[in-house]
Amino acid sequence: MKSVKLENVTKSFGKAKGVENIDVHIKSGEFFTFLGPSGCGKTTTLRVIAGFYFPTKGRVFFDNEDVTRMKPNKRNIGMVFQNYALFPHMTVFENIAFGLQVRKMSRDEIKEKVARAQKLVRLEGYEDRKITELSGGQQQRVALARALVIEPDILLLDEPLSNLDAKLREETRIEIKRLQVELGITTIYVTHDQHEAMAMSDRIMVMDQGEIQQIGTPQEIYNKPANHFVASFIGESNIVKAKVENVTDTHVTVDIGNGVKLTGLKENAAPNLDFKTEKDILLSIRPEAVREGEGTNTLTGTILLSEFTGVNINYLVKTGDHELDVMFVNTGSEVLNRGDSITLHVPEKGIYFLSEKR
Amino acid sequence: MATTNEIKTPKQSLWKRMTESRYFVYVLVSPLFLVLLAYVIYPMYKTFAQSVVDQEGSLSLENYIRFFTTEANLESLYNSIFISIVSVITCAIVGVGMAFLLNRYEFPGRRVLSVLALVPMALPPLIGAISFSFLYGSSGIFPRLFQAIFQLDDVPFALTGIWGIIVVHTFTMYPYYYLSASAAIRGLDPSIEEAATSLGANRWTIWRKVIIPMLTPAIVASSLLVFMISMASYTAPLMFGEERVMTMAIALSRTNGNLEMAATQSTILSLVSIAFLILMTWYQNRRNYQSQSKGIGVHRSELRSPLVRYITGILSFIGVVILLLPIMVITLISFAVDGEWTTQIIPTSYTLDHYIELFTDSRTWGPVKNSLQMSTVAVIGNIIFGVFAAYAMVRYNFRGKVFMDILIMVPWALPGTVVAVNLISAFSEGNIFSFNQVLIGTFWIMPLAYFVRQLPLVFRNTQASLMQMDDSIEEAAQSLGATWVYSFRRVVLPIIMPGILAGTLLAFVQGLTEFVASILLYSPSTVPLSVGIWNRMYSFQFGTACAYGVLQTVLIIIVLLINEKLKGETNQSGAALG
């Protein structure tokens with residue numbers, strides 16, 4: 001298994017910007033995800049690694065080998081495309097065998113390896129089926145088998161679940177993760193779905209507008225977002241404008257308007273955030289971090305919207321000039337209605353500080 | 001070993017630098033441009049050059065002045081335009097009318113009629129014209145039949161001259177309207193009409209405001225096409241002896257040795273054709289109306305009144321007869337003994353000799369063999385050019401792409417007569433494009449003419465298959481380690497094969513039935529099938545002529561059937577993957 005290193009990779013298309021200054025080191029055997037909204041440059045970055053695009057600037061390394069200008073067919077990568085890109089005129093066997101035939105393996109060896117790959121993705125007995133006779137999920141597994149059978153150094157997955165329905169997506173997600181753990185293969189996964197990214201990845205690279213926003217483990221990204229974009233893109237978050245009022249060694253107190261003051265932990269802040277008194281700042285408060293009743297950082301407000309989903313109770317609460325999304329786990333207590341007043345508090349740990357620029 | 005390595009490295013990097021360059025694509029497409037330059041642009045230029053010199057060889061517009069001041073020329077131009085306009089109108093009425101009847105109403109005989117509506121497309125152009133003259137010409141079967149029934153001194157009616165041409169045009173060209181209008185009608189979502197009704201519109205308003213506007217793109221496109229083909233028509237005027245049309249005038253100028261005038265007439269006709277081609281391309285690239293809904297249930301109203309059913313039944317029977325008669329008469333006469341059918345209504349004695357001769361007499365087999373050989377050579381050229389041009393156009397971006405697209409279509413838009421004149425101007429003396437050989441009078445000029453006339457066929461069909469294929473399929477092959485050549489051979493080629501095959505078959509039968517350019521270019525040793533038919537007709541060997549005709553028709557029908565199947569297959573796999 002190889003590691004992948006992108007060194008200041010920039011890819012522009014004519015005047016349009018593709019990605020800029022991508023600098024990342026993906027470790028051998030790691031499950032690494034590029035996460036971001038569509039058009040953020042995640043697929044472009046993946047295609048630079050696959051060799052379909054040559055970077056305009058910067059270099060690409062597999063282990064210590066510079067592969068920046070290497071043709072895609074020399075890179076020994078396995079790639080699963082969003083639309084699977086199966087060869088429509090070939091059977092399941094022929095599709096999976098393609099990469100082995102390119103490598104001029106003997107007939108027996110090919111047979112044995114294809115059979116093993118079929119077993120791996122649970123498609124035994126399907127070898128003579130035409131691609132058009134398979135369901136979406138089965139096509140997906142053929143694509144996976146075809147990419148894995150060549151024993152690639154790196155596995156690239158480009159939104160492989162986006163064409164599947166919800167139930168199948170769940171199943172296939174677990175399947176892919178199982179295969180990755182079993183084979184220990186370096187895997188780069190592209191998705192715009194944060195749940196997929198959180199559930200599967202060792203580390204995630206969040207991208208927006210062609211630039212890296214944050215690289216980190218799922219917990220780091222969720223609990224310690226680097227900026228406004230990451231905080232609101234990953235999970236739900238209330239972003240509240242505030243002014244720094246008082247800073248101690250461990251705590252920061254801010255004013256969120258109308259004389260309401262909140263206090264949080266100083267360590268609970270985006271990296272390099274500079275707390276200066278009177279400075280404008282942003283708070284990120286997750287809906288599930290807010291508690292009902294009185295406590296530290298008490299707020300009172302009225303309910304604008306009330307939503308009961310079974311597992312949760314969601315409220316939109318107006319407090320001062322702010323509207324807060326809050327979420328409580330349903331414990332059987334009474335659900336409040338629009339117009340009711342409510343008392344909330346935010347534990348110190350539930351407040352996260354961000355700088356005002358995005 | 002060390003030395004070879006040292007030499008190899010810089011060489012490779014030069015090759016790499018070259019292939020990675022943005023301009024490398026121009027190296028790849030330059031052979032395509034060279035072919036177009038040699039066999040499309042250069043011949044056109046030579047004809048043009050010939051038209052702008054006077055008798056002494058100095059540059060002048062004398063020929064054009066002479067063209068526009070000679071009454072015969074002006075009459076030819078006027079007749080060609082008149083025939084084309086009337087053909088557009090008659091074809092539109094028949095084609096759109098039939099499209100509506102067959103797609104919107106249920107009546108006795110509908111199914112048979114809708115299968116046979118495309119029969120005219122299976123008729124080779126020369127055979128279509130010949131069959132009409134057998135059926136309705138001045139010594140044709142029907143005029144003589146009525147003469148006999150009513151004991152007349154002379155035939156009561158006969159197709160001749162301009163109106164004969166127009167009738168043949170209507171019969172052979174209405175399918176263009178029928179096909180495009182049928183597609184448009186099938187695409188008309190009934191719910192749109194229902195929506196209009198629910199908003200309070202009556203039948204007439206719906207027609208005026210909904211149906212006609214939605215059919216307009218199909219009708220305009222077909223009109224441009226039919227006008228262009230009518231202007232280029234040569235066989236029908238030839239058959240009905242109408243010398244005062246542009247194509248005939250060109251051929252006549254050539255036979256009279258007035259090459260400058262032939263070049264002038266060709267240039268003028270080319271300008272008209274190219275103008276229409278550009279107009280058509282422009283019109284098709286505009287956004288067309290399209291229904292948003294996907295699955296559309298076509299509903300046919302049933303004609304209930306017994307009287308109406310009775311009348312439509314008879315009318316569709318007559319329609320079926322009219323559609324089948326040309327093929328029937330050609331088949332009938334192919335069994336007639338040559339020289340024995342003179343004043344009788346239909347031939348009196350029959351024989352199988354013509355078919356036996358076809359395969360036993362080397363003189364009769366000659367034209368068949370020639371056509372097979374020449375078409376094969378032309379088609380091989382078409383495949384090589386068409387596949388690579390299609391690949392380059394779909395996969396690469398380069399300057400001059402639109403220009404190249406139009407250049408490939410130009411020879412298709414040009415009348416066959418003009419293509420022949422252009423090739424004669426270019427290759428009656430050696431030049432670099434013919435490797436310094438005189439091609440006129442040799443075997444090679446015929447396949448070259450076929451190659452040029454069929455240029456778009458393989459190209460267009462391959463292009464369509466390629467556009468259906470997702471880019472990522474080729475990338476998948478590459479990521480699995482395949483080189484470009486390997487993935488082209490194992491992945492791209494098999495996927496686009498149905499398209500290539502469809503285009504190839506069409507090009508092949510078009511070569512086998514080509515007449516218009518052949519008649520100006522053939523030499524005694526390269527008589528093709530259609531010229532063979534014409535020569536036999538000329539020497540009153542109708543039987544053999546028609547046996548040739550039946551052979552051509554059967555080949556066309558086989559190809560159309562195979563193509564229908566190929567189309568079905570690609571659609572299936574395309575739909576399943578899409």
Side-chain angles (χ1 to χ4, degrees), chain A residues 13-14 43 46-47 49-54 68-90 94-105 130-136 139 142-143 145-152 154-156 158-159 163, chain B residues 9-10 12-25 395-399 465-501 566 568-578:
Chain A
F13 301 95
T43 298
L46 191 78
R47 291 169 66 85
I49 296 173
F52 298 129
Y53 293 153
F54 291 141
T68 314
R69 327 259 331 147
M70 190 189 264
K71 290 251 165 72
N73 54 336
K74 304 279 179 240
R75 295 194 183 199
N76 198 36
I77 43 166
M79 181 150 176
V80 175
F81 293 80
Q82 187 169 5
N83 59 356
Y84 317 141
L86 297 174
F87 307 129
H89 58 297
M90 296 184 187
E94 288 165 336
N95 262 284
I96 302 177
F98 185 90
L100 303 175
Q101 286 164 348
V102 171
R103 286 166 176 73
K104 300 209 162 57
M105 289 192 182
K130 283 204 164 169
I131 293 307
T132 46
E133 296 166 358
L134 300 180
S135 71
Q139 290 187 1
V142 176
R146 185 181 67 178
L148 288 172
V149 78
I150 59 169
E151 292 165 23
I154 299 143
L155 179 64
L156 305 180
D158 186 4
E159 307 229 9
N163 283 342
Chain B
T9 325
Q12 250 184 354
S13 72
L14 178 68
W15 172 248
K16 241 189 154 169
R17 272 216 312 277
M18 237 176 77
T19 53
E20 279 172 16
S21 157
R22 246 173 344 125
Y23 303 103
F24 186 64
V25 59
R395 282 286 185 274
Y396 299 120
N397 259 321
F398 51 92
R399 266 166 201 279
S465 311
L466 265 174
M467 294 212 285
Q468 275 187 7
M469 192 182 115
D470 205 297
D471 288 7
S472 60
I473 289 186
E474 238 177 306
E475 288 171 359
Q478 275 184 54
S479 79
L480 292 166
T483 57
W484 183 86
V485 175
Y486 190 89
S487 91
F488 188 81
R489 185 167 63 81
R490 285 279 320 269
V491 177
V492 180
L493 214 50
I495 294 176
I496 62 173
M497 200 41 108
I500 298 176
L501 207 58
L566 285 175
E569 270 171 24
T570 32
N571 284 350
Q572 226 180 13
S573 63
L577 278 173

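We name chains A, B, ... by the order of the sequence lines, and we start the count at 1 in each one. We use all heavy atoms of the structure for the numbers below, so side chains are in, but hydrogens, waters and symmetry mates are not.
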State, to 0.1 Å, how close [X] and [Y] come at their nearest heavy-atom pair, and which atoms those are.
| X | Y | result |
| --- | --- | --- |
| P72(A) | Q478(B) | CG-OE1, 3.0 Å |
| S472(B) | F81(A) | CB-CD2, 3.6 Å |
| A85(A) | A476(B) | O-CB, 3.7 Å |

Going by heavy atoms in the side chains, are [X] and [Y] under 4.5 Å from each other?
| X | Y | result |
| --- | --- | --- |
| V491(B) | F98(A) | yes |
| W484(B) | K71(A) | no |
| I473(B) | P88(A) | yes |
| R47(A) | E475(B) | yes |
| Q101(A) | R490(B) | yes |

List the residues meeting side-chain hydrogen bond (donor to acceptor under 3.5 Å, both in side chains) with R395(B), not counting sequence neighbours, and say none if there are none.
D471(B), E474(B)

When heavy-atom pairs shorter than 4.5 Å are enumerated against chain B, which of E133(A), M90(A), K130(A) gives the highest number?
M90(A)

Specify which of K74(A), M79(A), R75(A), R103(A) makes the most heavy-atom pairs with chain B at under 4.5 Å.
R103(A)

R146(A) portion near chain B, given a 4.5 angstrom heavy-atom threshold
both

Name the region of I150(A), side chain, backbone, both or neither, that has any atom closer than 4.5 Å to a heavy atom of chain B.
side chain

